[in-house]
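Every chain is numbered from 1 and lettered A, B, ... according to where its sequence line falls, protein lines coming before strand lines.
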2 protein chains.
Amino acid sequence: MSDTTHSFNIENAKSQMRKGFLEFPVLLIIGTSPTYAPDILKQLKEANLLVVEGTLYPLLSRMKRADLVSYTWEESKSGPPRKMYTITKEGKDVLAHLEESWRALDTSVNTLIKQYEKGN
Amino acid sequence: MSDTTHSFNIENAKSQMRKGFLEFPVLLIIGTSPTYAPDILKQLKEANLLVVEGTLYPLLSRMKRADLVSYTWEESKSGPPRKMYTITKEGKDVLAHLEESWRALDTSVNTLIKQYEKGN
DNA sequence: TAAGGTACTTTGCATTGCAAGGTACCTTGA
DNA sequence: TCAAGGTACCTTGCAATGCAAAGTACCTTA
């Protein structure tokens, strides 16, 4: 019930998968290994999922607010301190649902593509 | 250059793939065979891509405005006339780009998933 | 000819993505 | 030592999407 107050409601994971797509890859990256924003941007870029600061920072804030991730400040040898993000237990649960939704979407779309190509 | 005036600019097909995802499956459906809105809704539902009228109709209008689809009125034996949508030449071109973007996205995400699962 | 089904449209809101601009910390080298 | 440049984080304002809900209009049929 308390889930309805924020946007990471598991029940509409499928809807979320379409509306706000980026939380999925970002959560995957943080889930793989704790990181901070500029590194996430770099990884997204390497994966050909271009995202910019103005998109990522608000997204991270939302995920923090929804308790999908947590962060600790960590000193750097080359500049100001970094917010190192780590996935939470709840984040892992949501991630599992997002992954399921992704696979369903993947299957659906690829089916539509096959139908399209069958007709030339 | 005139492409920048509407939202189906091929150059940001990749960005579009994330922001407005639905145009891709809808264009696939219309491209496979001419149809009208309620039938598109039915096909999307069968593909587990739930969409509602309030989303689909404006999307169809946008695609019409961008010349990705055209329509003709067609009489029905069970109610008011229908707007039968057909994909245009330009629509097929855009669809090819969207498909390419989709495959890239598909690969990227599945790579991130594998990396995540490798670390447990 | 009224009732109900089918089809299309519009309005208003919440949310996302992004460009652009801003703040603050830290290192380095002149 | 302190200015310059790099790194990191944050915010604001706009355009666009997704959706619920309400509305219009056509057509069949009982």
Quick one: Arg65(B) CZ to dT10(C) C1', roughly how many Å, whole number?
13 Å

In whole angstroms, the gap separating C1' of dT11(D) from CG of Leu60(A) amounts to 15 Å

For Phe24(B) and dT17(D), what is the distance between atoms CZ and P respectively, to the nearest whole Å?
17 Å

N/O to N/O distances under 3.5 Å, protein versus nucleotides 1-8 of chain D:
| residue | atom | partner | partner atom | Å |
| --- | --- | --- | --- | --- |
| dA8(D) | OP1 | Tyr36(A) | OH | 3.3 |
| dA8(D) | OP1 | Arg82(A) | NE | 2.7 |
| dA8(D) | OP1 | Arg82(A) | NH2 | 2.7 |

Atom-pair distance (CE on Met63(B); C1' on dC8(C)), nearest Å
15 Å

Asp67(B): which residues meet the side-chain contact (heavy atoms from CB on, under 4.5 Å) condition with it, sequence neighbours left out?
Glu90(B)

Is there a donor-acceptor contact under 3.5 Å from the side chain of Thr88(B) to the main chain of Leu68(B)?
yes

Side chains of residues 78-86 of chain A: which donor-acceptor pairs under 3.5 Å do they make with residues two or more places apart or in other chains?
| residue | atom | partner | partner atom | Å |
| --- | --- | --- | --- | --- |
| Ser78(A) | OG | Ser76(A) | OG | 3.4 |
| Arg82(A) | NH2 | Tyr36(A) | OH | 3.2 |
| Arg82(A) | NH2 | Ser76(A) | OG | 3.4 |

In residues 38-45 of chain A, what donor-acceptor pairs under 3.5 Å come from side-chain atoms, sequence neighbours left out?
| residue | atom | partner | partner atom | Å |
| --- | --- | --- | --- | --- |
| Asp39(A) | OD2 | Gln43(A) | NE2 | 3.1 |

How long is the line joining CG of Leu22(B) and C1' of dG17(C), in whole Å?
16 Å

Counting only side-chain N and O atoms of Arg62(A), is one of them less than 4.0 Å from OP1 or OP2 of dT16(C)?
yes

Holding to side-chain contact (heavy atoms from CB on, under 4.5 Å), I want the full list of residues that pass it with Ser33(A), two or more places apart in sequence or in another chain.
none

Return the value, rounded to whole Å, for the distance between atom CG of Leu56(A) and atom C1' of dC9(D).
11 Å

Round to a whole Å and report the spacing from CD of Glu23(B) to P of dA16(D).
13 Å

Taking atom P of dT9(C) as reference, at what distance in whole Å does atom CG of Leu59(B) sit?
13 Å

Pairing residues for Lys89(B) by the side-chain hydrogen bond (donor to acceptor under 3.5 Å, both in side chains) criterion, not counting sequence neighbours
Asp93(B)

